[in-house]
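Since the model is a prediction, treat every value here as computed from it, not as a measurement. In this chain, residues are counted from 1 in sequence order.
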Amino acid sequence: MLSVKKDWLRWRALATPGKEAVLSEGRTVSYGELDRLADRLAGGLAAHGIQPGDRVAALMGNSVEAIVLIHSVARMDAILVPLNTRLTTTEIARQVNQVEPALLVVDEGLGGAGGGSRGHGPAPIADIQSLMEKPLLSVSLTVLTEFKSSDRIDAGRKLPEPLQKKEEQVQSIVFTSGSTGTPKGVQLSFANHFWSATASAFRLGVGPEDRWLSCMPLYHVSGMAVVFRSCLYGTAIVLQHRFEIETFQRSLREDGITQTSLVPTMLHRLLHSSSTTEWPLSLRTVLIGGAAATPELMQTALEAGVPVSPSYGLTETATQAATALPANVKRKPGSVGRPLLFTELRIADADGCPLPAEEIGEILVRGPQVTTAYFRNPEETKASLREGWLYTGDMGRLDDDGDLYVLQRRTDLIVSGGENIFPVEVESVLREHPDVADVCVVGLPDEEWGQRCAAAVQLHAEGSVSRDALLAFIRGRLAGYKQPSARHIRFVEALPETASGKISRRAVSSLFEDISLTHKECQQ
């Protein structure tokens with residue numbers, strides 16, 4: 001395989017030093033300036049003793065400085081460990097203890113230490129430190145960025161020269177969302193990012209004046225992928241601190257945006273916001289990922305003139321594994337398209353044997369963008385990575401053309417009375433009701449049937465429909481064993497989400513903890 005040369009920023013700055021690299025909050029940074037900033041920040045890392053192979057953990061919001069840190073850690077031959085700023089101090093400490101970084105870099109914009117979970121506010125660094133098993137040197141991102149490359153570090157010590165690394169070298173350890181269990185640290189190499197960027201370019205295309213509007217957090221693999229892809233392509237990032245509807249809409253109108261990436265929840269809010277979103281002619285791709293998008297949402301987007309490209313990917317695949325172009329979305333609603341360049345998809349049964357087209361089974365992925373290991377987790381590595389194939393735990397099918405349809409996490413499958421129920425099927429029917437904004441269906445333990453369907457329903461307007469009316473609506477559309485009872489429908493103001501913005505099925509299940517089914521209630 002082609003050897004992948006690293007320090008991509010140095011090469012890009014040599015090729016196009018004057019081109020725009022990042023536009024953020026009124027600030028424009030060229031690739032030449034970004035390269036100089038990366039040198040300065042690398043000096044700051046060196047001054048704090050960072051050596052090749054060291055792990056540098058980072059609690060950082062979206063900013064130019066955070067992008068500089070990503071490149072600087074790579075320049076130092078160190079390994080970046082981006083931490084989710086929405087986690088609690090306990091969750092952050094658990095991940096820090098697992099990776100044992102040499103340095104923890106904290107964005108002072110997060111209140112001096114990193115975000116707490118919803119409603120808990122920012123957590124001071126002292127609290128994080130007290131939860132560590134070992135002393136850990138921490139430093140603010142502001143302090144690092146104030147370092148001057150001309151400052152004295154140590155006698156005779158110099159910044160490292162641009163390094164040519166082996167293609168398998170680990171660039172980062174990115175934790176999964178933990179939506180189905182304990183978060184795992186995914187090791188992503190420079191080669192993973194390189195081939196992911198190459199495959200994405202072949203599918204979506206690249207123009208010399210492209211501007212990617214990025215509001216996804218940089219601790220998320222999709223946010224970090226945009227940083228590396230833009231550097232390789234020589235295109236610009238329009239970086240936003242977070243997703244805010246009005247700010248996002250203004251950027252679409254004013255910044256010449258050509259591409260962006262969103263999770264389905266963000267797209268839904270843009271399509272149903274009080275002020276109509278204007279989708280400019282310059283915009284050619286709205287990449288949808290992070291969670292499954294319903295066919296109804298895709299149809300609404302197409303009718304609004306949004307060039308949506310639903311995709312399927314995981315942290316383990318450095319984002320995309322399959323992506324559908326807008327034309328195919330209209331032709332094949334519900335599909336996420338065919339595998340990307342150099343990527344193989346397989347649908348397998350419980351024994352890992354390939355299944356024919358249209359059969360439902362576990363989705364397996366193989367390709368150069370797939371991770372080779374989970375950090376310090378040989379059991380999970382052995383279970384999930386076999387003979388080059390990533391066993392995703394997701395259920396889906398391939399049609400005769402090779403297009404992928406993602407149905408459900410295998411762990412989310414509901415088995416009631418020996419019958420398989422795919423929550424996405426029940427959710428899709430409930431969403432057809434005009435008063436339903438969103439819904440999440442989970443399986444509850446049941447003494448007689450094994451499991452029983454329960455649905456958390458978010459309405460467009462509170463009190464607009466009753467449980468009985470919803471049941472009457474789905475009665476002719478779903479088999480009896482797939483229908484929740486009136487008692488197993490809960491109306492919620494908003495569906496609970498994981499820290500990465502996905503709907504948390506575990507949190508939805510907890511909404512029904514007070515229910516104790518009896519034999520009589522379970523009879524169908």
Side-chain angles (χ1 to χ4, degrees), residues 12 15-16 18-31 34 62 64 67 196-216 218 222-223 225-290 293 297-311 319-320 323-331 337 340:
R12 172 51 56 192
T16 55
K19 281 205 71 175
E20 294 175 339
V22 186
L23 297 87
S24 181
E25 298 181 343
R27 179 182 179 187
T28 301
V29 179
S30 69
Y31 277 106
L34 195 64
N62 285 7
V64 172
I67 290 178
S196 176
T198 301
S200 181
F202 266 76
R203 179 58 50 86
L204 300 178
V206 178
E209 303 305 320
D210 271 348
R211 286 184 169 188
W212 193 292
L213 176 55
S214 181
C215 59
M216 300 296 290
L218 292 174
S222 62
V226 173
V227 172
F228 285 121
R229 290 176 185 180
S230 298
C231 184
L232 287 167
Y233 303 158
T235 55
I237 304 171
V238 178
L239 184 69
Q240 296 188 340
H241 185 63
R242 65 176 66 87
F243 176 71
E244 295 176 340
I245 289 180
E246 291 183 1
T247 305
F248 192 92
Q249 291 172 327
R250 182 168 58 251
S251 187
L252 284 179
R253 291 193 305 268
E254 300 176 359
D255 293 333
I257 302 301
T258 60
Q259 295 175 296
T260 189
S261 46
L262 299 168
V263 299
T265 301
M266 295 174 181
L267 178 61
H268 182 275
R269 291 171 182 170
L270 288 165
L271 290 171
H272 297 90
S273 61
S274 56
S275 57
T276 304
T277 303
E278 298 175 19
W279 305 94
L281 294 177
S282 63
L283 185 68
R284 70 169 190 274
T285 306
V286 177
L287 187 66
I288 306 298
L297 179 62
M298 293 295 95
Q299 181 61 36
T300 301
L302 289 174
E303 290 173 355
V306 186
V308 283
S309 289
S311 67
T319 66
Q320 299 159 265
T323 300
L325 295 176
N328 288 333
V329 176
K330 183 178 296 186
R331 187 169 60 91
L340 299 188

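Here the side chain of Ser30 pairs no donor or acceptor atom with the backbone of Glu20 at under 3.5 angstrom. A distance-only check finds no donor-acceptor pair linking the side chain of His268 to the backbone of Pro264 [under 3.5 Å]. Side-chain atoms of Tyr233 come within 3.5 Å of backbone atoms of Ala197 as a donor-acceptor pair (strictly under, hydrogens ignored). Between the side chain of Lys330 and the backbone N or O of Leu302 there is no donor-acceptor pair closer than 3.5 Å. Between the side chain of Arg12 and the backbone N or O of Leu232, at least one donor-acceptor pair lies under 3.5 Å. Between the side chain of Ser282 and the main chain of Thr258, no donor-acceptor pair closer than 3.5 Å is present.
Side-chain contact between Pro310 and Val329: present, with at least one pair of heavy atoms (C-beta onward) separated by less than 4.5 Å. Contact check for Phe248 versus Leu213: side-chain heavy atoms found under the 4.5 Å cut-off. You'll find the side chain of Leu204 reaches within 4.5 Å of the side chain of Ser309, heavy atoms only. Taking the side chain as every heavy atom from C-beta outward, Val306 and Leu271 approach each other to under 4.5 Å. The shortest distance between side-chain heavy atoms of Leu340 and Phe202 does not fall below 4.5 Å.
Atom OG of Ser222 and atom CE of Met216 lie 3.5 Å apart (nearest 0.5 Å). Ile67 CD1 to Leu239 CG: the interatomic distance, rounded to the nearest 0.5 Å, is 4.5 Å. Distance check: Met298 CE to Ile288 CD1 gives 5.0 Å after rounding to the nearest 0.5 Å. In this structure, Leu34 CG and Ile237 CD1 are separated by 8.5 Å, a value rounded to the nearest 0.5 Å. Leu23 CG to Glu25 CD: the interatomic distance, rounded to the nearest 0.5 Å, is 12.0 Å.
In terms of heavy-atom proximity, Ser230 sits nearest to Tyr31 at O-OH, 2.9 Å. What you find for Ala293 and Leu297 is that their closest heavy atoms are CB-CD2, 4.4 Å.
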Stepwise side chain to side chain contact (heavy atoms under 4.5 Å, CB included) test for Leu325 and Thr285: CA-CA 8 Å; Leu325 295 176; Thr285 306; over 6 Å; no
CA sep, side-chain torsions, deciding dist, call: Leu267, Thr300, side chain to side chain contact (heavy atoms under 4.5 Å, CB included): CA-CA 10 Å; Leu267 178 61; Thr300 301; over 6 Å; no
Intermediate values then yes/no, salt bridge (charged side-chain N to carboxylate O under 4.0 Å, His left out), Arg211 and Glu209: CA-CA 6 Å; Arg211 286 184 169 188; Glu209 303 305 320; over 6 Å; no
Leu270/Ile245 under side chain to side chain contact (heavy atoms under 4.5 Å, CB included): CA gap, chis, key distance, verdict: CA-CA 7 Å; Leu270 288 165; Ile245 289 180; 4.3 Å; yes
Residue pair Cys215, Met266: steps toward the side chain to side chain contact (heavy atoms under 4.5 Å, CB included) verdict: CA-CA 10 Å; Cys215 59; Met266 295 174 181; 4.1 Å; yes
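For the residue pair Thr247 and Gln240, no side-chain donor N or O sits within less than 3.5 Å of a side-chain acceptor on the partner. With 3.5 Å as the limit, one finds a donor-acceptor pair spanning the side chains of Gln249 and Ser273. Neither side chain, Gln320 nor Ser311, offers a donor N or O lying under 3.5 Å from an acceptor on the other. A donor atom on one side chain and an acceptor atom on the other are found under 3.5 Å apart for Ser196 and Arg229.
With sequence neighbours left out, Ser24 forms a side chain to side chain donor-acceptor pair (under 3.5 Å) with no residue at all.
Applying the 6.0 Å contact sphere to CD of Glu246 captures no more than 12 heavy atoms from other residues, nucleotides or ligands.
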